[in-house]
Amino acid sequence: MRRTLLQILLPALTAAVVIAIWMAINLGLSADTRFLLPGPGAVIDAFGDQRTELSRAAWNTSQGALIGFGLAIVVSVLASLLLSLSPLVRSSLYPLLMALQMTPLPILAPICVLWVGAGLKSVALLTFVIAFFPLVVNTTQGLISTDRNLVEFFDLCRASRWQQLFHLRVPAALPYFFTGLRIAATLSPIGAVVADMNAGTSANDGGGLGFQAVIYASQAKYAALFATAITTCVLGFLLNAVVLGLGWLALHHWHDSYERSDR
Amino acid sequence: MRRTLLQILLPALTAAVVIAIWMAINLGLSADTRFLLPGPGAVIDAFGDQRTELSRAAWNTSQGALIGFGLAIVVSVLASLLLSLSPLVRSSLYPLLMALQMTPLPILAPICVLWVGAGLKSVALLTFVIAFFPLVVNTTQGLISTDRNLVEFFDLCRASRWQQLFHLRVPAALPYFFTGLRIAATLSPIGAVVADMNAGTSANDGGGLGFQAVIYASQAKYAALFATAITTCVLGFLLNAVVLGLGWLALHHWHDSYERSDR
Amino acid sequence: MAVFPLDTAPRPSPLLGRMSAPPTVEFHGVTKRFGDGPLVLDRVSLTVAAGDFVSIIGPSGCGKSTALRLIAGLSPLSGGRIAIGGQAPEEAAAETAFVFQEPTLLPWLNVAHNVELPLRLRGTPAAQRAATRARVLDLVRLGERAAAHPRQLSGGQKMRVSIARALSLAPRLLLLDEPFGALDEMTREHLNEELLAIREQERWTAFFVTHSVAEAVFLSNRIFVLSANPGRLHTEIAVPLPYPRTPETRHSPRYHEIVANVSRVLRSVVDAVA
Amino acid sequence: MAVFPLDTAPRPSPLLGRMSAPPTVEFHGVTKRFGDGPLVLDRVSLTVAAGDFVSIIGPSGCGKSTALRLIAGLSPLSGGRIAIGGQAPEEAAAETAFVFQEPTLLPWLNVAHNVELPLRLRGTPAAQRAATRARVLDLVRLGERAAAHPRQLSGGQKMRVSIARALSLAPRLLLLDEPFGALDEMTREHLNEELLAIREQERWTAFFVTHSVAEAVFLSNRIFVLSANPGRLHTEIAVPLPYPRTPETRHSPRYHEIVANVSRVLRSVVDAVA
Amino acid sequence: DKAPFKLIVQLDWVAEPEHGGFYQAQARGWFREAGLDVTLIPGGPGAHVMPSVATGRAHIGQAGDIDTLLQQAEGLPVVQFAAVFQDDPAGILVHADSPVRRFEDLQGKTIIARPGWPFLDFLKKKYGLRVNVIAQNFSSAAFLGNREALQQGYNIAEPYHIVQAGGQKPRFLSTWDAGFRGYAVLVTSRRFAREHPAELSAFTRAYIRGWRDYLAGDPAPAHDAMKQANTSNTDGFLAFSRQAIIDERLVTGRDADGGPAKIGRLDPARFAAQIALLEDMGLLAKGKVTTATAITTEFLPK
Ligand SMILES: Nc1ncnc2c1ncn2[C@@H]1O[C@H](COP(=O)(O)OP(=O)(O)OP(=O)(O)O)[C@@H](O)[C@H]1O
Ligand SMILES: Nc1ncnc2c1ncn2[C@@H]1O[C@H](COP(=O)(O)OP(=O)(O)OP(=O)(O)O)[C@@H](O)[C@H]1O
Ligand SMILES: [Mg+2]
Ligand SMILES: [Mg+2]
């Protein structure tokens with residue numbers, strides 16, 4: 001009971017402190033530079049003024065982020081299964097994945113636009129590229145960190161490779177997988193925003209948050225820019241909350257990272 | 001012996017296959033679009049032509065990437081130690097870190113430039129922001145996943161919080177830490193490149209790889225753009241190799257993710 | 001004390017396509033070292049007939065667990081040869097169940113699922129699995145803890161789950177590494193008797209590591225005494241007590257005589273080390 | 001058999017600023033359940049005098065480990081009160097060493113570092129640490145394996161490292177959860193005697209969980225028999241054999257009589273359950 | 001005599017002929033003659049000219065007048081005080097064989113451009129055009145790779161690079177042909193304008209002299225400096241770009257009254273019209289900026 005209350009109060013307190021610091025800096029800035037950090041009031045006004053653009057942009061970016069995130073999950077799990085097969089496979093394929101991750105967006109974005117067209121598809125694809133790597137590294141590490149004694153038990157049971165994967169390595173990898181998932185859930189919305197800046201389009205669906213951010217930045221609408229950033233963060237928070245919930249469901253009854261109520 | 005040979009041959013084979021596919025696509029592309037994927041020959045020429053710019057840019061970016069990476073390690077470890085204290089601390093502070101991670105670069109970059117000036121300092125700072133999050137999430141997860149039985153043993157020894165941290169939680173967290181480190185080592189060079197696009201300057205030291213990439217892209221010098229990308233990848237590979245080596249030193253004698261020679 | 005038939009539906013051997021028989025086990029000059037460490041097992045040769053119940057005893061660290069792991073094919077030999085029903089350990093058609101020295105349960109599965117796991121991996125239908133699981137859990141007296149996770153069990157309970165899991169398999173080769181060490185004497189005797197009762201129903205060859213000479217004598221028809229540093233086969237002792245053995249066996253003078261005899265051998269082995 | 005003085009430099013008690021004495025331990029109606037599960041310990045009351053060597057025996061899962069964890073303050077009580085030297089377990093000034101039922105070694109430290117760890121945490125100087133480590137490792141006969149990592153040890157060796165680690169501490173309250181269960185009889189007897197020898201040198205109150213009635217009788221001056229489901233204190237038995245006890249004690253008729261008596265009590269407890 | 005006054009100039013892009021006035025004046029030593037120690041900071045993708053100037057990190061910056069007006073409307077404390085280009089050479093690149101020949105042909109098309117480019121709003125307003133935007137980041141890859149593509153570009157740069165990359169020289173639809181005439185301007189912060197009028201005047205005089213000499217005289221000093229500041233500059237590009245600036249009379253003015261005398265001049269009437277147009281298009285809130293607050297001609301030579 002006291003616990004639950006704290007669990008709500010403390011984060012709220014943190015938020016309050018952040019807003020207080022924000023306001024203090026805003027007031028402390030000279031009149032000349034205040035525009036760089038608009039106050040909370042101005043940002044709230046911006047939310048009101050720009051609600052049509054922002055909600056449309058948020059909707060577009062959410063789609064891109066979710067599709068990219070989903071794609072990253074599916075592909076990274078498959079890739080991790082492959083990579084977990086042996087150190088040789090890893091040393092052969094990891095460099096490829098790293099190269100994909102490290103190719104700068106100015107190269108990737110135009111290719112992507114030419115390939116699948118600008119807008120949602122490109123944004124989802126670029127988001128995928130951004131969210132994929134942390135997932136694949138964590139999931140692979142999880143898959144290869146399985147307790148050797150349990151692996152031997154499965155060998156003895158003459159379990160097939162698949163059985164060993166699904167009954168042993170995959171569940172044992174979940175703590176790593178969910179760690180990667182949290183990183184990816186945080187990177188996906190911001191990845192979608194960055195992708196949108198490089199490959200978004202106003203066609204059909206209208207631009208996303210990245211598109212809006214470029215417009216606001218070029219017009220020095222800093223309050224609106226902050227509103228865009230806050231909207232991105234909210235998307236990330238929501239995605240993270242879902243991931244945290246799933247992690248709890250999958251792990252709390254056995255993993256040591258969750259406090260045991262039955263001590 | 002056979003093993004070691006394979007360990008060199010297979011990655012080389014992968015590289016060869018990649019280059020072969022690359023050349024095949026290059027030849028298969030129509031004359032109109034071939035420029036999008038310049039052939040290996042053109043890229044090698046570009047390395048030659050642009051060696052002055054590229055080596056200067058690579059040097060600048062390396063500095064930014066290394067400083068940002070180093071900063072990310074130090075700060076993430078400190079932050080993780082804080083976050084590992086309790087679920088309450090986590091639910092209070094994680095949202096803050098996520099917000100930092102998710103603030104779009106068009107917002108962060110100008111503030112950063114104002115604060116520390118364009119160029120190396122800003123690039124290092126923005127690289128830090130990009131590399132920090134995967135590290136902190138992984139390290140924290142590692143710190144809170146400590147075997148409960150060992151925690152109880154430390155409690156019984158009346159170990160101080162610090163002792164428990166340094167003798168127990170930190171070593172136990174190393175597998176997670178190194179996983180995060182690999183992600184960060186990959187993100188740092190590309191992060192420095194992206195940061196350079198947003199806050200780099202050709203003043204004083206000259207721009208980094210990101211700066212060059214944008215210039216090359218705007219000048220339609222695609223072979224040079226690819227040379228930039230390859231240089232970024234090489235930086236990432238080097239950083240990763242160091243991290244892998246350190247991970248091996250720290251973990252191979254006890255962690256199940258390394259194959260045991262003594263079976 | 002009721003004895004339940006355990007998963008006795010005919011199972012084809014993976015290689016022979018018919019019910020497999022308990023295998024013979026032969027060690028020919030088996031040598032084992034880990035990496036470039038010292039010798040752990042030194043030229044061990046022994047022959048075990050099909051259906052033998054063999055106990056291995058010896059001081060801590062003499063190589064008992066290592067020997068079982070070699071039989072199971074979990075660890076490569078450094079020298080010599082092991083034949084199980086004439087085949088190399090990795091290829092042996094015999095179905096092997098291994099109760100490891102540590103419980104080795106999957107922490108994310110509850111007791112019921114842990115016990116059912118090997119059957120599940122074999123594709124046994126759910127109904128049959130549930131029946132077998134209920135039977136073996138009753139056998140180790142853990143029927144009521146079926147829903148608990150391993151971390152909620154006592155040390156002895158975890159070990160009993162591991163035993164139940166092995167028994168659910170109706171194996172042809174049974175490797176037991178100090179399975180009853182963490183149990184109280186009464187539970188231990190109960191399980192000793194159950195084990196012998198199951199042996200009357202099914203047929204397997206068993207290797208049983210224990211530190212209790214009395215237990216070794218009660219259960220097995222042959223006892224191998226290992227000496228340590230390096231592990232060598234010191235003595236092989238036959239136990240000429242007839243099966244089936246019952247609680248009364250423990251009171252027979254013959255039994256006590258053999259126990260005293262084995263103890264003396266063992267003591268001489270350990271004293272040689274100390 | 002030599003007995004080595006173990007880290008006997010005077011250590012101030014953290015609270016009293018002087019050498020602490022072995023504590024008394026009292027249970028007042030102690031009740032324990034996990035979460036909303038069934039009762040594990042039900043109104044257990046007992047009193048242990050300073051310097052007592054208490055054995056706890058009872059069927060697997062009856063709550064022996066739980067009782068030790070409660071004494072160590074590792075687990076909260078559900079009801080009742082425990083006083084250690086008059087204080088609550090978490091605050092007790094007595095320095096406690098606990099040999100857990102599982103070895104609980106740090107996998108990244110080698111044997112030597114694992115054994116030295118608690119002394120290190122206390123800030124004992126390196127030279128003294130090394131001397132103590134060498135002594136306790138000799139005691140458990142693992143001096144030669146000091147450089148090995150836990151995963152390179154046999155089950156019994158791991159347990160011995162854990163025992164050595166506890167003995168290095170010269171504690172005032174010693175909690176031993178089946179420390180010798182994984183050891184062969186000879187090693188076990190050796191360590192039994194060492195333990196008693198150390199007891200003559202240092203002074204501690206000990207709680208010793210075992211499944212061996214003979215061991216319980218040989219070591220302790222009092223035996224608590226627990227019954228299961230829920231764990232209740234069934235009987236308390238005094239062992240009126242004088243200390244120091246020697247290997248000869250094991251041959252005395254008195255000793256055998258008490259063992260037989262305790263066995264009978266234990267059997268009645270288990271039969272009540274089965 | 002006094003130590004020279006330190007002045008920092010933030011350019012909007014890497015050193016190129018569009019900065020000819022700065023580099024020529026610098027190379028010829030005319031800033032120093034005017035008692036100024038000028039540092040030219042090349043820009044690039046992350047130049048952040050406006051925040052730098054507004055916060056005093058740089059004293060003078062180069063920017064587009066329309067963006068500047070929009071930002072002034074948001075309260076940025078900057079003022080426009082001299083022209084770089086009388087007409088901004090921005091426009092739409094069109095493939096040589098594209099059927100798009102006039103602005104009217106853009107109906108329903110998609111243009112690769114910076115999101116929020118006001119010219120597109122203007123087209124919508126003037127021709128009733130509906131066009132879509134694909135966000136771009138200075139790269140012309142997507143344009144080159146697609147024969148149908150249309151892209152925002154600079155007449156004095158992209159065509160050259162596209163030809164160099166093996167493409168056909170694209171056609172160009174200029175903003176001024178549509179009647180959308182923006183300046184490229186120099187800006188400074190209000191505070192600096194208030195506190196250092198003399199230095200600004202001296203600077204502007206030297207800057208105009210630099211342009212005049214760069215366009216009419218020998219550009220070699222400026223080009224050498226530009227090559228040093230930006231090693232990817234080639235003689236071919238510098239010559240092309242300078243020639244385009246001369247041919248299109250970007251610095252001297254495309255109007256009838258154009259000529260060297262117009263270098264640097266700002267026309268308040270044109271600004272008033274510009275502001276009215278932006279207000280009309282809904283990009284500027286009415287009355288938020290006026291010519292009086294947006295620009296000053298105080299530092300231009302009388
Ligand atoms: N964390 C827990 N949650 C729920 N039940 C638990 C937990 N820990 C122990 N128990 C239960 O409490 C009972 C007592 O456990 P405990 O470990 O004290 O037994 P024990 O006497 O030490 O047995 P053993 O001789 O097998 O070690 C057991 O039935 C066990 O299943
Ligand atoms: N992976 C390993 N690397 C190096 N040495 C090992 C390894 N595993 C076991 N050993 C050593 O081999 C010897 C035999 O070990 P084993 O586990 O077979 O002993 P054991 O007879 O089962 O002992 P216990 O009764 O204590 O379980 C021991 O000295 C042990 O330290
Ligand atoms: Mg063993
Ligand atoms: Mg226990």
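You'll find the side chain of B/Val243 reaches within 4.5 Å of the side chain of B/Phe69, heavy atoms only. Looking only at side-chain heavy atoms (C-beta outward), B/Met102 and A/Phe237 come within less than 4.5 Å of each other. Using a 4.5 Å cut-off on side-chain heavy atoms (C-beta onward), A/Val193 and A/Thr228 make no contact. Residues A/Leu135 and A/Phe177 meet the side-chain proximity criterion, which asks for heavy atoms closer than 4.5 Å.
Of the listed residues A/Pro95, A/Pro189, A/Gly191, the one with more heavy-atom pairs under 4.5 angstrom with chain B than any other is A/Pro95. The choice from A/Val151, A/Ile230, A/Asp147 that makes the most heavy-atom pairs within less than 4.5 Å of chain B is A/Asp147. Interface remark: of the candidates B/Ala184, B/Ala213, B/Pro175, B/Pro175 forms the most heavy-atom pairs closer than 4.5 Å to chain A. Counting heavy-atom pairs under 4.5 Å between each of A/Ile144, A/Val18, A/Thr179 and chain B puts A/Thr179 at the top.
No part of A/Phe178 comes within reach of chain B, as not one of its non-hydrogen atoms sits under 4.5 angstrom from that chain. For A/Thr14, the part sitting under 4.5 Å from any heavy atom of chain B is the side chain, from C-beta outward, and nothing else. For B/Leu96, the part sitting under 4.5 Å from any heavy atom of chain A is the side chain, from C-beta outward, and nothing else. When heavy atoms are compared at a cutoff of 4.5 Å, B/Ser257 approaches chain A by way of both its backbone and its side chain. With a 4.5 Å cut-off on non-hydrogen atoms, A/Val137 touches chain B through its backbone and its side chain both. Looking at A/Thr146, the atoms closer than 4.5 Å to chain B (heavy atoms on both sides) all sit in the backbone: N, CA, C or O. For B/Leu187, the part lying near chain A is the side chain, with the backbone staying farther off; criterion is any non-hydrogen pair under 4.5 Å. Contacts of A/Tyr176 with chain B are made by both backbone and side-chain atoms, with heavy-atom separations under 4.5 Å.
Between A/Trp22 and A/Phe226, the ring planes lie parallel to each other; the angle is under 30°, not in the 30° to 60° tilted range.
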### Task
Show the numbers, then the answer: is there a side-chain hydrogen bond (donor to acceptor under 3.5 Å, both in side chains) between A/Asp196 and A/Gln212?
CA-CA 9 Å; A/Asp196 200 46; A/Gln212 282 299 329; over 6 Å; no
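Minimum heavy-atom separation, A/Thr61 to A/Leu209: OG1-N, 2.7 Å. Contact between B/Met197 and B/Gly210 at its shortest, heavy atoms only, is CG-O, 3.6 Å.
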